[in-house]
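Letters A, B, ... mirror the listed sequences (proteins, then strands); counts begin at 1.
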Amino acid sequence: MPDGAQPVLDVRGLKTVFKIRGGEVHAVNDVSFDLKPGELLGVVGESGSGKSVTMMSLLGLLPSPPADVRGGTVTFDGQDLLKVDAETLRKTRGGKIGFVFQDPMTSLNPVYNVGMQIMEPLRKHMGMTKKQAAVRAKELLELVGIPDADQRLKDYPHQFSGGMRQRVMIAIALACDPKVLVADEPTTALDVTIQAQILELMKELQERLGMAVIWITHDLGVVAGIADRVVVMYGGQIVEQAPTRELFKNPQHPYTRALLKTVPRVSGGREERLEIIEGQPPILGASPTACPFRDRCDVAMDRCAHENPQRYDVGNNHDAACFYDARTGAPRDV
Amino acid sequence: MTDQSIDARNDAVARNQWWDVWDQFKTHKGAVMGACFFIFIVLAVYVGPWIWSIDPTYIDVRARNQGPTWAHPFGTDQLGRDMLARMMAGGQTSISVGLTAMGLALFLGTLVGVLAGYFKRIDGILMRLTDLFLALPLLPLLLVMVMLFRQPLSASFGPETGIFILIVIAIGITSWMPTARIVRGDVLALKEREFVLAARSIGTRPGKMILRHVLPNVMSPIMVSATLGIATAIITESALSFLGLGFPPDFPTWGRLLFDATDFMQQHPQRVMWPGLAISLTVLSVNYMGDGLRDALDPRIRGL
Amino acid sequence: MFDDTKTATKLVEVNNLKMHFPIHTGLFRRHTGDVKAVDGVSFDIYEGETLGLVGESGCGKSTCGRAVLRLYDITDGSIVVDGDDIGDVPQKDLRTKRPTMQMVFQDPQASLNPRMTVQAIIQEPLDEHTSLSKAEKREKVLALMDQVGLNRKFSGRYPHAFSGGQRQRIGIARALALNPKFIVCDEPIAALDVSIQAQVVNLLEDLQREYGLTYLFISHDLSMVRHIATRVAVMYLGKIVELAPREELYAEPLHPYTKALLSAVPEPDPDLHDTMERTILTGDVPSPSNPPKGCNFCTRCPAVMDVCKQIEPEYREVMPGRFVACHHYNDVTTTAEQTAASEASDRQSLSNTNTKTN
Amino acid sequence: MLTYTIRRLLTAIPTLIFISLIIFLLLDMAPGDPTAQLPLTIPPEVREQIRQSLGLGEPVHIRYLLWLKQMVWSEPVYYLSQSVDWISAPDEARLISWQTRAPVMDTILERLPQTLMVVGLAYVVGVLIALPIGIISAYKQYSVFDQAGTFVSMIGFSIPPFFSGVLMIILFTVMMPNDSFWWFPSIYDTTLVIDSWENFGKQVRQMVLPVMVLALQTTAQISRFMRASMLDNLNQDYVRTARAKGMTESVVVLKHVLRNSMIPVVTVIALGIPAIFGGAIITEQIFKVNGIGQLLIVSIQASDVPMVQTLTFIFAILIVFFNLIADILYGILDPRIRYD
Amino acid sequence: STAALADGHEGERGRDGQLNIIYWQAPSTLNPYLSGGTKEVESASLVLESLGRFTDTGELVPWLAADIPTVENGGVSEDLTSITWTLQDGVMWSDGTPLTANDAVFTWQYCTAEGGGCAQASYFDGVESVEAVDDQTIKITFDSPKPFPYTALVGAESPIIQAAQFADCLGAAAPTCVDANFGPIGTGPFVVTDFKANDVVQFSANENFRVDGQPAFETVLFKGGGDAASAARSVLETGEFDYAWNLQIDPTVLSDMESAGLGTVVTAFGTSVERLHLNQTNPSADLGDARATEAGGPHPFLTNQVIGQAMSMAIDRGLLVEIGYGAGGQATCNVLPAPAVYASTANDACLTQDVAGAIALLDEAGIVDSDGDGIREFEGTPLVVSYQTSTNAVRQDAQALIKQWWSEIGIQADLRNIDASVFFGGDPASPDTFQKFFADVEMYTNNFAGVDPEAYMANWSCSEWPSPESQWQGSNMQRFCDPAYDALIDELAATAGIEARAEIVKQMNDMLMQSYSIIPLVHRGGVSAHANTLGGVKISDWDSELWNIAEWYRVGE
Ligand code: HEM
Ligand SMILES: Nc1ncnc2c1ncn2[C@@H]1O[C@H](COP(=O)(O)OP(=O)(O)OP(=O)(O)O)[C@@H](O)[C@H]1O
Ligand SMILES: Nc1ncnc2c1ncn2[C@@H]1O[C@H](COP(=O)(O)OP(=O)(O)OP(=O)(O)O)[C@@H](O)[C@H]1O
Ligand SMILES: [Mg+2]
Ligand SMILES: [Mg+2]
């Protein structure tokens with residue numbers, strides 16, 4: 001991973017709020033991260049921690065209302081994506097940043113054949129003719145490992161299995177050679193064997209095409225296998241960020257630690273009893289003024305209840321948002 | 001599910017889900033206005049006559065064809081009968097027709113829908129029956145029914161009640177099919193839902209199953225059909241009046257009043273206005289209520 | 001551990017269970033084929049043990065679990081639960097048997113009637129099968145709620161006011177209400193978040209210990225099955241391809257599919273992950289309405305042989321307590337015999353006769 | 001798809017026969033006497049003679065079978081024989097109306113053009129107006145346009161045509177000066193032959209009012225459907241995919257969402273077509289477009305049983321037929337069904 | 001229209017272009033013998049003609065005949081059993097063939113043929129034979145003396161049809177001649193160019209019409225459909241049509257429309273009278289099969305003339321007219337108000353409402369409210385009447401008014417209305433026909449066709465009671481029976497000469513009136529409207545309203 005390289009995508013202080021009946025949901029609070037060229041960034045966190053909302057905020061894909069991106073900057077290609085005009089944003093979507101969504105069953109339009117759906121961005125962003133686009137679409141299908149691509153272009157989504165649909169989605173996202181690919185839990189709906197196929201494919205493609213990838217998942221195993229760097233989200237915030245190996249070796253945030261412990265393994269020793277994280281995820285009703293994890297935390301202190309910890313650098317390109325320093329076993333002195 | 005909902009109700013006492021429906025319903029401005037207006041109309045029509053106690057059939061020939069005055073705020077008709085009193089009397093009939101016809105249609109539709117959806121064996125035959133009714137040309141059927149049974153029914157129940165029963169039944173049995181189809185679809189889907197399977201694994205008997213698990217969960221399409229049904233029934237009744245097959249001319253209903261007044265549209269515009277407004281606004285309010293209910297009963301929208 | 005259960009009594013015996021869903025096509029809606037969701041499955045479950053059932057989506061796990069509880073009218077086979085053969089008992093006579101066998105469902109949201117309070121949900125089995133007074137029922141429900149770790153205060157609430165884990169507890173409480181001996185857990189944790197999954201699994205384990213319950217634990221999460229199950233059965237396309245005690249299975253999987261499945265599980269330890277030998281399967285699972293000839297797995301098997309495409313492998317005990325259906329574990333003579341036999345007679349009948357190996 | 005279609009066709013046959021039986025029996029039971037409309041001055045003996053001459057003497061089942069045979073065999077053969085000379089006309093007497101004493105089918109065919117023209121055009125106009133309204137209302141849900149659209153369509157839905165029709169006549173025929181462009185005739189001239197531009201203009205003008213009244217209702221209903229269907233689809237995941245691909249909003253809405261939303265709407269539209277053939281009883285009456293609807297009501301009033309039976313049965317056939325069309329359309333629009 | 005005559009409008013045939021007529025009930029056929037309805041008869045009258053016609057004043061004038069046969073001119077035999085008509089010279093059918101006596105004979109055969117279901121058969125009642133004496137002479141023989149022999153082949157209801165055209169259409173074959181029924185060849189001013197049943201008829205001027213310069217109109221559009229109000233509007237307010245028929249709508253609305261200045265409302269009075277029948281038999285349901293029959297005995301109180309008289313006096317007929325009929329009605333106290341010679345004046349006192357008088361009358365007769373419920377009792381029976389009529393807005397208004405007036409004199413009425421097709425349908429199985437009269441009072445209109453009241457007055461003979469034996473057929477609805485009246489019927493049948501007959505008829509009318517078993521209310525006329533640009537309109541209720549359409553013309557601007 002090229003360390004100090006200029007990031008392709010730089011997100012600073014992103015804040016997204018949903019207006020709902022009788023209040024607001026502060027789904028993303030002051031989230032900052034960056035993505036280096038050619039890097040595969042894993043984003044993990046439990047359901048509802050704001051992973052999807054963060055990524056969709058970047059490209060304005062959230063329905064508004066109810067969503068409202070309140071602040072922050074998203075620097076891409078020297079421009080702030082939150083401020084650019086609609087046309088530029090459209091060019092970026094699909095053209096420079098590809099998106100793969102979680103549910104392959106519903107993410108494709110059922111009434112158009114997949115060929116048309118792959119060709120659409122090609123014609124729109126690359127100005128290809130129908131013929132050129134068709135040739136390219138076939139290449140793309142072959143690229144994502146769908147045999148008999150010529151024929152299958154004419155098929156409709158329902159004629160594909162879940163795994164193949166997800167490949168089609170990936171093909172669409174890759175169509176215009178994007179600089180960044182955002183994959184929002186692309187394998188969650190799939191079986192392990194199919195997931196393994198897709199992961200393999202992604203790794204290969206990323207190496208081959210050299211793009212930067214953001215990979216959202218809540219499966220730590222997936223992250224361990226493919227990510228260069230991992231961001232852990234909890235309660236709409238990033239609570240920890242580190243290179244993959246570093247994170248698994250040396251988890252700093254109590255949430256990350258707990259998470260790693262709750263997961264049973266297929267190999268290695270079998271635990272007699274599973275570790276659990278007591279309690280419930282936080283309510284995102286207001287802008288946080290305290291640590292969101294404090295109620296479930298085993299090292300919580302008074303301070304956590306009225307101050308929201310910053311992300312403190314712990315070296316090795318690793319930071320964690322906790323007042324407790326896991327390395328010293330004592331409260332951080334800040 | 002927003003996590004908020006969990007804690008917001010942590011200490012709340014056992015809360016009937018209808019409160020949630022109501023909470024959601026309240027946020028739909030149109031629906032609330034519709035409901036208020038509908039209640040207003042119902043009150044005006046049923047309680048109004050206690051306050052405005054002029055007999056709707058009382059003839060005051062000297063005061064005929066009057067515009068609005070203090071004595072007759074809605075004016076009078078060609079026999080000098082008070083239009084306000086007649087509007088109330090007419091509203092009673094129209095709204096009762098609307099409500100009962102809708103009730104009947106819902107009952108039939110739900111019955112057929114639930115039975116067909118739940119019991120596979122009779123599904124085929126019940127759905128054929130539904131298709132059959134859908135394929136029957138309804139208006140002619142309605143007209144024929146009215147022709148057929150008007151006399152026997154008026155003979156045994158008196159002209160007003162007889163026609164009332166007839167019209168309610170006629171509208172009811174010609175409009176249950178869409179409800180039946182929707183309900184059946186929902187029941188079929190419900191049957192695949194795990195909680196029905198769960199009940200089956202407990203050994204719940206079919207009757208209980210329907211009452212406890214199926215019916216409450218098809219309430220929302222039924223409620224929506226219900227509101228639309230009221231509106232359609234009111235309009236159908238007025239169309240029947242127009243074709244001379246509705247209530248007898250001396251028996252006011254809004255449809256009848258509107259029809260009678262269309263001849264006088266130029267001379268006495270208020271006479272078309274009142275029943276026209278009453279029908280339109282009632283239908284409108286009921287429709288808005290239906291919209292609101294649909295939203296309120298949809299757990300996705302309610303944010304559960 | 002394995003030896004303990006061996007001596008124990010068999011609570012459930014499933015023999016050659018088949019559940020086919022008919023397909024009707026053509027002009028006259030004729031019966032033209034079947035979705036062979038479960039196609040000749042045999043296994044036993046011993047009292048007090050947990051049999052894990054794993055496999056990919058659509059392979060027939062849920063169907064198998066439901067069929068065992070006779071929520072379906074099964075196509076063929078026998079099911080003995082607690083001494084009674086319930087394979088072909090008519091549904092309405094099954095009612096009395098229901099209290100001994102219960103089910104916990106995959107989707108905690110979907111398996112609870114959104115219009116009933118928790119009290120009503122947990123009480124429903126009591127209403128159906130007991131003649132307790134109102135107060136007694138209420139007491140029992142509250143006791144159950146305590147058992148599964150739900151606050152008594154919540155008994156009047158509706159399911160939507162609970163989190164996923166809590167909902168699953170409600171489902172478990174309902175299943176426990178009639179003091180069953182046998183519970184089928186159909187992916188009880190699949191819809192839950194990782195941090196919540198552990199809570200539910202721990203609860204299930206505690207209850208098993210306390211009441212001596214027997215579980216059929218269906219899951220596609222191999223790591224969780226490893227944690228909870230005593231023995232594990234692996235299903236592929238309507239059939240069990242391998243059944244073995246947990247430790248043996250995870251340490252040394254025999255069937256190529258089991259191997260692939262295990263290797264596909266992402267390993268949340270980067271070090272281990274990088275060193276692991278991976279078998280990536282190609283292609284998709286064939287449709288259960290049109291399974292391939294021969295071994296069901298032959299289309300994706302990395303170790304496929306010619307014979308696999310012809311003859312369906314026998315499901316048999318290849319080592320003590322380990323059952324597998326793969327030609328790799330047949331001795332050569334059997335294979336030759338079968339090849340000859342299949343040319344002469346109907347393949348189907350042959351494969352059906354050799355399932356009784358326990 | 002093909003077998004599906006054929007299967008539907010085959011099941012339609014018993015349905016239709018059953019319907020025909022019900023229709024026949026119901027109408028046969030209906031009270032009312034073909035001579036009831038005659039003046040009181042006509043003495044009872046004469047009335048009885050008239051009844052006999054209408055064939056009221058035969059038992060019901062004979063009359064039913066005869067009627068069915070005439071409906072499904074004699075009449076089609078008769079029309080075939082009119083157009084193809086190698087088929088000879090059937091021997092049986094044709095189905096005769098009690099009121100006009102003329103063949104029922106001829107009268108119906110004579111009426112169809114004006115009904116199709118007015119009611120059909122109104123339907124087309126109504127649908128064409130409804131679709132954009134529905135699309136915009138859904139896309140801009142809860143906007144002023146949506147609220148206004150909802151309000152207007154509900155008004156359209158709730159105003160009976162006998163009211164809106166008369167209102168139109170008063171506004172556009174009575175109050176409007178005769179020489180104004182906005183003056184439209186209130187009485188439809190069924191004898192108008194379109195042989196010149198001038199007559200074409202006349203035809204257009206005389207269709208304006210009835211078409212408006214009818215289109216209002218169609219618009220009201222279809223736009224509601226369209227809106228609901230669009231709303232269902234606007235929240236689907238594939239819409240987000242299309243946006244993520246960088247498609248413009250117009251492509252997203254008009255290409256991706258619209259096509260999917262049209263699937264249920266098209267079938268609703270198809271199912272509304274039989275009603276066109278049924279005519280619009282009230283509107284036809286008001287504007288004197290003497291089409292099928294007016295024929296039906298006049299026949300009902302005159303207890304012209306053969307005419308009512310035939311009309312009703314034709315409606316039933318059309319309804320069944322268009323149900324079939326709707327199903328086929330569904331398949332054509334939705335590949336998931338097409339490749340079933 | 002007198003001005004129109006005066007301006008001596010004339011010129012060549014077809015000079016005035018198109019005439020637009022709207023009949024909101026459309027004709028279903030143009031063969032009046034197959035349908036007895038007004039709309040059919042009147043639309044056919046543009047084409048088909050008869051030997052003589054009744055003018056707007058009810059005078060019989062020769063039409064196809066050269067003159068009207070009478071006893072005086074020898075056309076009618078002394079014994080009143082035959083009449084001999086002579087055709088005008090040179091009358092042509094519109095196809096150019098001459099009209100002959102054979103056509104008249106054929107017409108008789110056509111209407112009396114077995115199985116033809118001729119709706120006008122009653123016009124040939126008592127006709128023994130119709131013979132063609134020669135090409136121009138027709139002799140009609142009756143089976144008994146006919147003091148009024150002008151029925152067969154007279155008036156719009158029994159016109160002469162062309163033998164050549166209808167030759168194959170006798171008896172059961174009648175309905176098969178669709179082309180003939182829809183496009184009869186006639187001698188009248190117009191010929192049918194297009195006929196659409198229940199919709200529209202198009203006519204054009206008959207080139208062979210016998211009067212030069214007639215008709216003034218080149219074509220006629222005869223449109224049907226809609227309702228009375230819109231038909232009136234199309235003539236009076238929008239000017240789209242020239243003539244509209246049967247405008248039974250609220251009088252105030254009609255006069256408002258008329259004030260728009262485009263057209264004129266015209267009325268023709270015939271013999272229609274809206275009346276109440278008071279049941280003289282007992283209709284109580286307790287009587288079972290004897291209900292409303294002779295066996296059931298007389299009515300508990302309606303046979304009492306004082307009560308009937310009081311009921312009549314309480315009614316304000318003028319107001320009924322004003323509210324329901326306007327120009328289309330006149331208050332009347334006679335069941336036979338026209339033709340003028342027959343109209344009695346003896347009963348005119350009833351024209352003014354006299355509630356006080358009615359009360360006094362009842363009090364005097366000792367019919368008082370003895371139990372204080374506001375309803376009088378007669379011999380212990382409270383005066384509560386069930387009052388039925390057909391369903392029709394005007395009638396229900398009248399019912400409501402009358403109910404209120406009766407309540408003022410202590411008589412309670414329970415109102416009932418019955419669908420017209422059932423009420424007038426005559427189905428012996430239905431309890432609600434006007435013949436069965438299972439009620440105390442019923443209200444409807446009756447009349448007679450033509451100008452001679454003999455048959456009409458015979459309706460109230462004792463033998464005309466509807467009864468189960470006669471399948472409830474019979475025309476004496478109120479079950480009036482008086483041997484003196486029956487004697488007058490016989491006398492009338494044997495008397496010739498208008499004056500003598502009129503005396504008897506008046507006597508009969510008064511007898512009926514004074515029995516108070518029948519209470520006439522309104523003398524109803526036909527209401528039509530024509531555009532102010534249409535001249536020559538003289539509507540008649542005795543014949544087709546359009547009887548003189550050949551003389552109509554367009555008034556120059
Ligand atoms: C020569 C032709 C006709 C004469 C003399 C005539 C006369 C009468 C009379 C006397 C009544 C009395 C019943 C009443 O209104 O109280 C009546 C009622 C009626 N007539 Fe005619 N009529 C004629 C033609 C027609 C035609 C052509 C139709 C219909 C198509 C018709 C339809 C009716 C109906 C429906 C009623 C009862 C409706 C009501 O209550 O007003 N009549 N007619
Ligand atoms: N349309 C919306 N209206 C209101 N709240 C929303 C909406 N969409 C998302 N949220 C809230 O935003 C928060 C973050 O949601 P998000 O979808 O980003 O979670 P996630 O981390 O992607 O979870 P998952 O793993 O389940 O996909 C959640 O609390 C959710 O309830
Ligand atoms: N009622 C049914 N009718 C027809 N086919 C069915 C029915 N139920 C299940 N199937 C089919 O049977 C096969 C097995 O389904 P089953 O639900 O048992 O799979 P599963 O292993 O539980 O999958 P998952 O992990 O997704 O729950 C599938 O192909 C499914 O489509
Ligand atoms: Mg997400
Ligand atoms: Mg399953």
Asks: Measuring heavy-atom distances to chain A, does D:V239 have an atom under 4.5 Å in its side chain, in its backbone, in both, or in neither?
Replies: neither
Asks: Tell me which of these, A:P63, A:A175, A:C176, A:S107, has more heavy-atom pairs under 4.5 Å with chain D than the rest.
Replies: A:S107
Asks: At a 4.5 Å cut-off on heavy atoms, which part of D:L234 comes close to chain A: side chain, backbone, both, or neither?
Replies: neither
Asks: Give, for atom CZ of D:R240 and atom CG of A:L61, the distance between the pair rounded to the nearest 0.5 Å.
Replies: 8.0 Å
Asks: Checking D:M247 against A:R93 for the side chain to side chain contact (heavy atoms under 4.5 Å, CB included) test, could you report, in this order, the C-alpha distance in whole Å, the side-chain angles of both residues, the deciding distance, and whether it holds?
Replies: CA-CA 8 Å; D:M247 299 295 113; A:R93 292 176 184 169; over 6 Å; no
Asks: For atom CZ of A:F160, is the number of surrounding heavy atoms from other residues, nucleotides or ligands below 6.0 Å larger than 12?
Replies: yes
Asks: Taking the side chain as every heavy atom from C-beta outward, state whether A:V111 and D:M262 have any pair of such atoms under 4.5 Å apart.
Replies: no
Asks: Can A:R90 and D:E249 be counted as an ion pair, charged N to O under 4.0 angstrom?
Replies: no
Asks: Quick check for you: among A:N113, A:I172, A:N109, which has the greatest number of heavy-atom pairs under 4.5 Å with chain D?
Replies: A:N109
Asks: Might you point out which heavy atoms bring A:Y112 and D:K255 nearest each other, and give the distance in Å?
Replies: OH-O, 2.7 Å
Asks: To the nearest 0.5 angstrom, please state how far the NZ atom of A:K124 sits from the OG1 atom of D:T248.
Replies: 5.0 Å
Asks: Under the 3.5 angstrom rule, does the side chain of D:T241 hit a backbone N or O of A:L108 as a donor-acceptor pair?
Replies: no
Asks: Are a donor atom and an acceptor atom from the side chains of A:Q117 and D:H256 found within less than 3.5 Å of each other?
Replies: no
Asks: Checking A:L59 against chain D: side chain, backbone, both or neither under 4.5 Å from a heavy atom?
Replies: neither
Asks: How long is the span from the NE2 atom in A:H158 to the CG atom in D:D334, to the nearest 0.5 Å?
Replies: 8.0 Å
Asks: Is D:F18 atom CZ crowded by more than 12 heavy atoms from other residues, nucleotides or ligands, each under 6.0 Å away?
Replies: no
Asks: State whether the side chain of A:H125 and the backbone N or O of D:K245 hold a donor-acceptor pair below 3.5 Å, judged by distance alone.
Replies: yes
